[in-house]
Amino acid sequence: MSIYMNTPTRSPLVRATIADIPEPAPHTRAELATLLALVKQPKTKAVVIGHGRDEVSRASAAAFAQAWEQPGGHVLDVIDWPEEAASWLRPARRFTAGEPDAWVVAAPVPGWAQMARRLRASTGWTPERTFGFASVGVAQAVAMAGADSLEGMRGATVDGGTWRAGPGWMTYRPAEPAEEV
């Protein structure tokens, strides 16, 4: 698969890491529960959900939307984007329209990295109000999007732990052990 990238990500190191990016795996119950807990803040009522066009990302986005709306949350929009595009501006504008309280992402890394760069360059999007499934919580996402493009974004790992993007790094916190009854 060829991936369009601008100059900052064409380094040999980034090209090598692209080959090691795992495809999104189906979300787990623990991952979805943690993601819902991260997004749910007293002021978070309305979200926009973005996803890649693959079946796994679609299913994760749909599961989040259903779980978010059950207790009364509002999904302003669910948008998708391709892995490759001549321009990311149209999906970026749709993603940021409607002034959501938070954004939720389920996508393969190459498309999300392109989208995140366009969001940073052309919209009022902030990664601090953005939450993602495990599929985008990998170090390659930071490398491909640019060191500061995802800084502050948080999400869930497959085992119910959490991740946080920093300036050029990713931090992981394991899931809390279940209490024995």
>> Please enumerate all residues that pass ring pair (Phe, Tyr, Trp, His ring centres under 6.0 Å) together with F131, with sequence neighbours excluded.
In response: none

> Where do E83 and G111 come nearest, in terms of heavy atoms and distance?
Replying inline: OE1-N, 2.9 Å

>> If the condition is side-chain hydrogen bond (donor to acceptor under 3.5 Å, both in side chains), which residues does D148 pass it with, not counting sequence neighbours?
In response: none

>> Holding to side-chain hydrogen bond (donor to acceptor under 3.5 Å, both in side chains), I want the full list of residues that pass it with R53, two or more places apart in sequence or in another chain.
In response: D80

> If two hydrophobic side chains count as joined below 4.5 Å and joins carry through other members, does V78 share a cluster with F95?
Replying inline: no

>> Restricting to non-hydrogen atoms, name the atom on V142 and the atom on G166 that form the minimum distance, rounded to 0.1 Å.
In response: CG1-O, 4.2 Å

>> Going by the rule side chain to side chain contact (heavy atoms under 4.5 Å, CB included), which residues pair with A92 if we only count those two or more places apart in sequence or in a different chain?
In response: M115, R118, L119, T123

> Mind checking whether V39 and L76 sit in one hydrophobic cluster, side chains of I, L, V, M, F, W, Y counted as touching below 4.5 Å?
Replying inline: no

> Is any side-chain heavy atom of W112 closer than 4.5 Å to a side-chain heavy atom of P24?
Replying inline: no

>> Using the side chain to side chain contact (heavy atoms under 4.5 Å, CB included) criterion, which residues pair with A97? Sequence neighbours excluded.
In response: none

>> Restricting to non-hydrogen atoms, name the atom on S57 and the atom on A106 that form the minimum distance, rounded to 0.1 Å.
In response: CB-O, 3.3 Å

> How would you list all residue pairs meeting ring pair (Phe, Tyr, Trp, His ring centres under 6.0 Å) that involve residues 22-56, not counting sequence neighbours?
Replying inline: H27-F133

>> Please enumerate all residues that pass side-chain hydrogen bond (donor to acceptor under 3.5 Å, both in side chains) together with W103, with sequence neighbours excluded.
In response: none

>> Are the side chains of M153 and V105 in contact, using a 4.5 Å heavy-atom criterion?
In response: yes

> For V158, which residues count as a side chain to side chain contact (heavy atoms under 4.5 Å, CB included) partner, sequence neighbours excluded?
Replying inline: T28, E31, A134

>> According to side-chain hydrogen bond (donor to acceptor under 3.5 Å, both in side chains), who are the partners of S149, at least two apart in sequence or on a separate chain?
In response: none

> What ring pair (Phe, Tyr, Trp, His ring centres under 6.0 Å) pairs are there with at least one residue in residues 145-175, not counting sequence neighbours?
Replying inline: none

> What salt bridge (Lys or Arg N to Asp or Glu O under 4.0 Å) pairs are there with at least one residue in residues 91-111, not counting sequence neighbours?
Replying inline: D77-R94

>> Are K45 and H74 packed together at the side-chain level, in the sense that at least one heavy-atom pair is separated by less than 4.5 angstrom?
In response: no

> Which pair of heavy atoms, one from R164 and one from R154, lies closest together, and at what distance?
Replying inline: NH1-CD, 3.2 Å

>> Assigning hydrophobic clusters by single linkage (Ile, Leu, Val, Met, Phe, Trp, Tyr; side-chain heavy-atom cutoff under 4.5 Å), is W68 placed with L35?
In response: yes

> Looking at side-chain heavy atoms only, is the closest gap between V75 and E69 below 4.5 Å?
Replying inline: yes

>> Holding to side chain to side chain contact (heavy atoms under 4.5 Å, CB included), I want the full list of residues that pass it with T162, two or more places apart in sequence or in another chain.
In response: T34, L38, R173

> Are L150 and W81 grouped together when hydrophobic residues (ILVMFWY) are joined by side-chain heavy atoms under 4.5 angstrom apart?
Replying inline: yes

>> Show the nearest heavy-atom pair for residues T126 and T130, with the distance to one decimal.
In response: O-OG1, 3.0 Å

> Linking I/L/V/M/F/W/Y whenever any side-chain heavy atoms sit under 4.5 Å apart, do I79 and V136 land together?
Replying inline: yes

> Which heavy atom in A107 sits nearest to a heavy atom in S135, and how many Å separate them?
Replying inline: O-OG, 3.0 Å

> Are side-chain heavy atoms of R117 and R120 found at a separation under 4.5 Å?
Replying inline: no

